[in-house]
Undergrad: 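I'd like to ask some things about the structure below.
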Amino acid sequence: MVNQTKSRIIEKNRLTELLDELAQGYHLIAPVRDNDVSFRRVESGSEVTLDYINTVLSPKNAFFPQTETLFRFSRGDSQGFRTEPGTEADREQVIFGIRPCDARSLRLMDMVFNGQYKDSYYLKKREKTTLIGLACFNPDKTCFCPTFGIDPTSGEDVDILFSDIGDRYLVEASTEKGATLLDRFAKFLSELRGDEEQLRKARKAGLVGMKKLDVSAIADKIAPLYEGDYWNSIGMKCLGCGICTYLCPTCHCFDIADVNLDEGGERFRCWDSCMFPEFTLMASGENPRPNRKARVQQRFFHKLKYFHDRNAELACVGCGRCIRYCPVNIDIARIIEDVISGKAGNE
Amino acid sequence: MKLPDTKEVQTEFKPKILAFCCNWCAYAGADLAGVSRFQMPTNVRVIRVMCSGRVPPELVIRALANGLDGVMILGCHPGECHYSEGNYLTRRRAHVLKRLLSYIGIEPDRFQLRWVSAAEGAKFSAVVKEAADKITALGPNRWGDKR
Amino acid sequence: MAIPRIGVFICHCGTNIGGVVNVPEVVEYAKGLPYVVHAEANLYTCSEEGISSIKNNIKEHNLNRVVVASCTPRTHQPLFRNACADAGLNPYLFEFVNIREHCSWIHMQNRREATEKAKELVKMGVAKARWLEAQEEFESEVYPAAMVIGGGVAGMSAALNLANQGFEVHLVEKEPELGGRLLNLNRLFPINKAPDELVESIVKAVESHSKIKLHMPAVVKAASGYIGNFDVSIDEDGQETSFKVGVIIVATGAQVLKPELYRYGKLANVLTHLDLEQRLKDGELGEFQNVVMINCVGARIPERPYCSRLCCMTAIKNAALMKEINPEAKVYVLHRDLMTYGVEFEEYYRKAKEAGVRFIRYTPSKPPKVVGTKKVKSVKVYDELMDMEVELPCDLLVLATPLIPNDDNEELSRMLKVPIGDGGFFLEAHVKLRPVEFATDGIYVAGTCRWPADIRESVAQGYAAASEAAIPLRQGLVKVEAITATVDPRICKGCGTCVLVCPFDAIELKESKIRGLEGKIVAEVNAALCKGCGLCAAACPNRAIQQRGFTDVQLLSMVNALSGKR
Amino acid sequence: MKATSEEVKTSVKKLFEDGSIGHFIGYEMGSDSLRVTPCFLKSGQAASRLVWNPLCANNLSKYLLDFGKVEGKVGIMVKGCDSRSVVELLKEHQIDRDKVFIVGVPCSGIVDREKLLAVLGVSPGEVVAVEDDGDAFLVTIKEGTRRVKKEQVLRGECLVCRYPTPVIYDMLIGEAVSSLPWVGDDYSSVKELEALSSEEKERYWSSELSRCIRCYACRNICPVCTCVECIFDKKAPRWLSKASDVSENLVYHLVRAFHVAGRCVDCGECERACPMHIPLRSLNKKVEKDILELFGYTAGIDVEQQPPLTTYQAGDLDEFL
């Protein structure tokens with residue numbers, strides 16, 4: 001997969017310089033420590049941290065912001081409303097430090113936003129973005145991306161992959177877009193010294209024992225649990241907050257609303273969550289998912305069945321965020337295990 | 001009929017201040033200020049409520065987050081509430097709210113609770129003027145429509 | 001809810017509003033507000049013409065909300081609500097915007113800003129109107145008794161009138177004797193009779209009336225409640241007494257100014273008219289040859305700009321009397337303007353002139369001067385007509401001083417929550433439309449506590465207040481404004497916060513009987529006890545309890561409108 | 001003696017057996033050795049799943065609201081702070097005292113997972129177990145056992161906890177703890193912020209609130225947020241825009257702080273739940289401090305005490321400018 005001819009290295013002490021220059025030519029989004037590590041716009045390399053397992057917020061914000069203006073309108077004169085596009089001028093952006101699991105999630109998002117209906121807001125940003133991945137050698141206990149066929153050290157879903165191999169990063173372009181970008185910044189890169197593959201292999205030792213579940217038949221196995229009691233126990237524990245869905249790199253539900261001012265306003269879309277009671281609340285007051293059990297069940301059915309029915313993929317990349325941040329420790333990996341093992345059906 | 005003149009619109013900062021007035025004291029006091037032709041700054045807009053105790057903190061917070069430069073609650077003097085004790089409850093809430101607002105950086109003068117009786121037209125006008133002066137000195141409320 | 005169709009009526013109030021606020025501009029602005037289907041200006045929206053325009057437009061434009069921007073709801077709300085009701089619109093679908101007291105009258109120097117403010121106030125009113133809901137009023141019983149505060153001629157007239165109609169009356173007088181100011185007077189104009197007969201007959205009627213409970217000497221200590229249901233406690237000669245009444249009439253009278261002018265109080269032969277009458281009454285006046293009377297002493301000056309109205313007639317009365325007692329005496333009345341406005345007053349004045357009383361007009365810029373060190377010897381005055389200063393010999397100087405408010409008006413005003421106006425007199429709801437009523441329902445005003453009035457006027461006002469007060473007493477029921485609290489049992493969590501904050505014990509936690517919620521513990525409002533303060537609505541954390549007419553959505557919409565949000 | 005998991009298991013099993021309870025809400029181990037998760041039992045057999053250790057941060061009391069209609073009493077495990085929120089729930093008639101069996105456990109502090117990992121410099125997978133050991137925790141990691149001073153790794157609320165022993169219970173497991181030695185000035189961090197200028201405070205909170213993603217975890221986990229329909233979820237009137245910007249986040253957090261004014265017991269669950277690490281306790285502590293200073297009131301102590309904002313005294317402070 002990796003085109004060896006395009007592989008280079010960068011000395012660790014030159015990374016900041018590279019990022020500085022990247023930040024000048026591009027809208028650079030990279031991991032920043034601000035209480036916790038999250039992707040943010042940076043203007044210099046020194047703001048960036050590489051000391052993280054994964055960010056709290058997934059990089060989906062860069063393509064599908066939590067709140068995004070779709071268009072603005074003004075009331076103007078008797079002609080009625082005038083509208084103008086809401087997004088800032090689209091710019092070339094680079095996301096540095098994206099983990100392979102999150103990179104895979106974009107492929108899943110593409111299925112939604114670039115499927116039968118094309119979502120121009122998402123796609124414009126996607127097209128103009130170059131992804132620089134950072135191989136993951138030190139996963140968290142809650143990580144289980146191999147379950148979904150993801151190699152956390154692979155550059156499969158990024159344009160360029162950085163791999164920390166000790167005193168330097170191995171830098172590999174996996175797309176034309178990546179190669180072009182690397183060429184522009186060639187002055188920071190040097191030729192391979194030859195021991196890189198060996199070093200990388202050594203570091204992969206940290207991946208031993210990563211959770212890998214067999215989800216090949218999960219969609220079929222979960223289907224009969226629709227009526228089961230299993231979801232009661234999960235729903236009872238669930239607080240109904242939006243942490244799991246908002247941190248999830250694959251959750252993509254949104255709502256659309258207006259800011260309506262005297263002189264005009266804007267229409268925006270914002271994240272929404274199937275965990276919230278109003279998500280399915282109808283104008284009549286009827287709610288087809290009236291309780292936490294129904295909502296929790298929906299979330300797992302969507303990830304493990306409905307998305308699969310439609311796209312032949314599971315809507316999870318095993319990044320572990322929902323497990324790490326759930327205040328009551330609802331654990332999707334455990335739920336998958338329960339479904340596979342049949343334990344879920346026995347409850 | 002002679003139309004009023006149209007003075008040039010002034011460009012200096014003119015704070016917009018919301019005043020909740022209780023029907024029995026403060027609103028009557030405001031009426032009296034009008035009947036007495038006490039001239040005062042134009043910054044204050046009154047919303048009539050039956051009792052100062054009807055004003056929930058949510059409304060004050062919402063008004064400030066909307067960008068209004070100041071919010072006042074005007075009620076009967078302690079011991080003179082038409083409903084006996086509404087203003088006492090208002091007072092407790094207001095103390096807590098004012099301190100909380102100040103804690104996040106909303107200057108204390110932007111939220112005021114004042115007592116104005118039905119007989120105090122002059123006090124109403126003084127309170128309005130004082131609030132307008134103080135809030136003008138603070139400048140625009142920086143919390144409005146903050147992205 | 002049907003789609004709102006809002007009509008906006010903006011009042012010029014003659015020049016009161018129109019002279020400051022650009023009304024046509026506000027009308028144009030109102031037309032562009034959400035849900036407004038009609039907006040117009042009226043010269044006087046409260047006039048017959050204005051009211052019929054509201055009614056016609058409700059029909060013509062199928063309005064389901066009406067907004068009037070004019071004066072204050074405290075006086076005019078009932079009028080406009082009735083107009084709506086007459087046109088078949090529920091009166092609670094009416095919203096009031098105050099652009100006079102709260103705008104044009106207080107921003108007379110800044111027409112541009114006043115106009116902008118008026119627009120915003122209208123915008124807020126329209127925003128609230130969009131969320132108004134039709135309401136039904138709750139009826140509450142009227143306790144069939146009245147309290148009259150003040151045992152002067154106004155108070156006694158009111159008390160007698162009500163008592164004669166069969167209502168129980170508590171008459172509270174702070175002095176140990178009934179009669180008020182009347183007791184000090186020597187004679188009454190224009191009949192020239194001593195007041196004794198009048199006082200005796202009316203006091204006797206009051207004292208002997210089985211329906212009148214006299215509290216004397218007594219002062220009101222506390223009053224709470226609302227029309228039909230006031231709880232009053234008084235201090236009666238050191239004893240605390242409480243009782244319940246349905247209505248209250250304030251007739252506490254006024255006092256006569258004791259001036260610090262013309263060396264009053266320092267020279268023995270300087271008196272006020274009240275002093276003079278007391279001495280005449282007591283037969284202690286003694287000899288006099290040259291009498292000078294000065295009018296407008298301490299009145300119509302910057303710190304007390306009003307005309308006390310009675311003093312001119314009092315001066316004429318006493319001047320003529322002095323002539324009558326001693327036809328040889330020289331009697332001069334120094335005046336600024338002579339107010340002889342009442343029935344027979346001008347005739348009375350002419351007779352005094354015929355009797356030899358001399359009237360000299362002075363100007364406030366050149367006031368009379370007193371000559372003399374131990375006693376007044378003469379008074380120098382610049383005679384406007386003769387354009388020269390004249391010196392009048394004087395052995396008795398009488399000063400006409402105005403009536404001024406009682407010192408305890410303010411305390412009573414706070415207790416009853418009724419306003420005090422210019423100069424410290426009580427202020428009625430509307431000088432023309434509701435002359436003896438306060439804006440607070442069930443409380444009325446009569447006599448000189450409102451404004452200087454003579455006996456005839458005080459008696460008339462006493463009767464007028466009694467007639468107004470008799471309406472709710474006679475009906476036995478008053479409609480309570482539909483601003484009471486209501487609970488949405490679906491979202492009420494039964495935490496009881498509203499129960500704790502309600503000052504009237506009007507809320508209880510009960511098991512719901514509503515279908516689908518059986519057994520759920522929720523708050524329930526007793527509409528008979530709810531006084532519509534809204535404390536519960538502000539305290540309820542999830543807003544399951546709302547105050548009608550002041551709901552969250554209504555208030556929030558006003559706040560948002562002011563912030564430029566729709 | 002400190003309570004142990006074994007005692008909890010035995011006691012709860014007994015409670016089921018003698019019919020004292022029909023349900024039990026406790027803790028069991030979660031995804032890894034540094035996580036526990038709420039556990040709902042219907043019988044004594046499963047009591048062996050229960051644990052009690054210094055990771056049991058969750059305030060379980062809110063779950064009682066879901067057990068209003070079940071048969072029999074519901075047993076629940078409460079620490080000091082949790083018991084105070086039970087008092088608040090009782091005060092607001094949200095639960096029926098007769099339907100609840102309160103199993104109290106004196107608590108000497110809960111571990112802040114992230115602080116612990118930072119102090120030890122290890123990844124989560126390396127920790128095997130954490131035990132209470134007086135003024136320190138004994139942490140078993142692969143290499144052996146390490147003793148970590150509590151002050152370094154306790155949760156924020158535990159550093160200022162004045163009620164380590166439950167204030168209300170039907171059964172107490174372990175010996176009562178009257179006070180915690182490290183607790184000093186409850187409000188030092190509040191005072192630090194109070195001392196800043198308005199501009200500084202604004203900068204601080206703008207930055208903190210800008211991170212809020214409005215997941216509502218802080219509200220949903222709060223044991224005294226019990227509204228059937230939160231005002232933020234109402235469609236009309238809409239108090240809060242769905243747009244997540246600083247002004248809207250300000251409304252959300254200020255109103256939330258005010259809604260729990262005089263009711264918040266500082267269990268710290270809001271701050272623990274917040275994935276964005278917004279210092280939410282700071283707002284609550286500020287309100288708590290003012291209510292204590294102004295009205296001498298502390299929440300969650302006495303079921304009979306009237307909430308401070310529903311009552312008044314004529315002599316309350318009357319100074320506003």
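Values below: every heavy atom of this structure, side chains too, minus hydrogens, waters and symmetry copies.
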Undergrad: Tell me, which pairs form a salt bridge (Lys or Arg N to Asp or Glu O under 4.0 Å) where one or both residues lie in residues 541-561 of chain C, sequence neighbours left out?
TA: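 Pairs touching residues 541-561 of chain C that pass the test: Arg54(B)-Asp552(C), Glu58(B)-Arg543(C), Arg543(C)-Asp552(C).
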
Undergrad: Got a second to check how far Lys16(B)'s NZ is from Lys117(C)'s NZ, nearest 0.5 Å?
TA: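 Output value for this atom pair is 12.0 Å.
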
Undergrad: I need the residue from Cys533(C), Pro503(C), Gly225(C) with the largest number of non-hydrogen atom pairs under 4.5 Å to chain B.
TA: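 Looking at each of Cys533(C), Pro503(C), Gly225(C) in turn, Cys533(C) comes out on top.
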
Undergrad: Could you go through Leu562(C) and Asn66(B), starting from their C-alpha distance and side-chain angles, then the distance that decides it, and tell me whether this counts as side-chain contact (heavy atoms from CB on, under 4.5 Å)?
TA: CA-CA 9 Å; Leu562(C) 178 58; Asn66(B) 278 2; over 6 Å; no

Undergrad: Sort Gln554(C) into side chain, backbone, both or neither according to what part of it lies under 4.5 angstrom from a heavy atom of chain B.
TA: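 For Gln554(C), neither part sits under 4.5 Å from chain B.
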
Undergrad: Where does Phe504(C) contact chain B at under 4.5 Å (heavy atoms): side chain, backbone, both or neither?
TA: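 Side chain only.
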
Undergrad: Please classify the contact of Val128(B) with chain C as side chain, backbone, both or neither, using a heavy-atom distance under 4.5 Å.
TA: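 Neither; nothing under 4.5 Å.
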
Undergrad: Can you tell which part of Arg48(B) gets under 4.5 Å to a heavy atom of chain C, answering side chain, backbone, both or neither?
TA: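 Both parts, backbone and side chain.
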
Undergrad: Pick from Phe38(B), Tyr27(B), Phe20(B), Phe124(B): which one has the most heavy-atom pairs with chain C under 4.5 Å?
TA: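 The candidate making the most pairs under 4.5 Å is Tyr27(B).
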
Undergrad: Check the surroundings of atom CD in Gln135(C): do more than 12 heavy atoms from other residues, nucleotides or ligands lie under 6.0 Å from it?
TA: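 Count over threshold, so yes.
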
Undergrad: Select one option (side chain, backbone, both, neither) describing which atoms of Met108(C) are under 4.5 Å from chain B's heavy atoms.
TA: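 Its backbone and side chain both get close to chain B.
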
Undergrad: Determine yes or no for a side-chain-to-main-chain donor-acceptor pair under 3.5 angstrom, with Gln39(B) supplying the side chain and Trp105(C) the backbone.
TA: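 Side chain of Gln39(B) to backbone of Trp105(C), a donor-acceptor pair under 3.5 Å: yes, one is there.
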
Undergrad: Please round to the nearest 0.5 Å and tell me the distance separating atom CG of Asn23(B) and atom OG1 of Thr440(C).
TA: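 Asn23(B) atom CG to Thr440(C) atom OG1 measures 8.0 Å (nearest 0.5 Å).
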
Undergrad: Please report the interatomic distance CD(Glu101(C)) to CZ(Arg37(B)), rounded to the nearest 0.5 Å.
TA: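 Result: 8.5 Å between the selected atoms.
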
Undergrad: May I ask you to name which of Leu68(B), Leu89(B), Asn43(B) has the most heavy-atom pairs under 4.5 Å with chain C?
TA: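 Heavy-atom pairs under 4.5 Å are most numerous for Leu68(B).
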
Undergrad: Which region of Val55(B), side chain (C-beta onward) or backbone (N, CA, C, O), has a non-hydrogen atom less than 4.5 Å from a non-hydrogen atom of chain C, or is it both or neither?
TA: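 Only the backbone of Val55(B) comes within 4.5 Å of chain C.
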
Undergrad: Answer whether the closest heavy-atom distance between the side chains of Leu555(C) and Val49(B) falls below 4.5 Å.
TA: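 Yes, side chains in contact.
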
Undergrad: Between Lys531(C) and chain B, which part of the residue has a heavy atom less than 4.5 Å away: side chain, backbone, both or neither?
TA: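 Both parts, backbone and side chain.
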
Undergrad: Working to the nearest 0.5 angstrom, can you tell me the gap between Met558(C) CE and Leu59(B) CG?
TA: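 It is 10.5 Å, given to the nearest 0.5 Å.
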
Undergrad: Based on non-hydrogen pairs under 4.5 Å, which of Met50(B), Glu85(B), Arg45(B), Glu80(B) is most in contact with chain C?
TA: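 Going by pairs under 4.5 Å, I would pick Arg45(B).
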
Undergrad: With a 4.5 angstrom heavy-atom cut-off, could you sort out which part of Ile483(C) is near chain B: side chain, backbone, both or neither?
TA: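 When you check distances to chain B, only side chain atoms of Ile483(C) fall under 4.5 Å.
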
Undergrad: Picking from Val559(C), Asn16(C), Val418(C), Asn560(C), which has the most non-hydrogen pairs under 4.5 angstrom with chain B?
TA: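 Most heavy-atom pairs within the cutoff with chain B belong to Val559(C).
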
Undergrad: Contact part of Cys81(B) toward chain C, heavy-atom cut-off under 4.5 Å: side chain, backbone, both or neither?
TA: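 Looking at Cys81(B), just its backbone touches chain C.
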
Undergrad: Taking side chain to side chain contact (heavy atoms under 4.5 Å, CB included) as the test, write out the residues that go with Ala114(C), two or more places apart.
TA: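 Side chain to side chain contact (heavy atoms under 4.5 Å, CB included) list for Ala114(C), sorted by chain: Val20(C), Val21(C), Cys103(C), His107(C).
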
Undergrad: First locate atom CZ of Arg111(C), then atom OG1 of Thr42(B), and finally report the distance between them rounded to the nearest 0.5 Å.
TA: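 OG1 of Thr42(B) is found 15.0 Å from CZ of Arg111(C).
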
Undergrad: Show the nearest heavy-atom pair for residues Ile420(C) and Ala119(B), with the distance to one decimal.
TA: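 Looking at all heavy atoms of both residues, the shortest contact is CB-CB, 3.8 Å.
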
Undergrad: Measure Ser224(C) against the heavy atoms of chain B and call it side chain, backbone, both or neither at under 4.5 Å.
TA: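 Ser224(C) has no heavy atom closer than 4.5 Å to chain B.
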
Undergrad: With a 4.5 Å cut-off on heavy-atom pairs, point out which of Cys76(B), Pro56(B), Cys51(B) contacts chain C the most.
TA: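 Heavy-atom pairs under 4.5 Å are most numerous for Pro56(B).
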
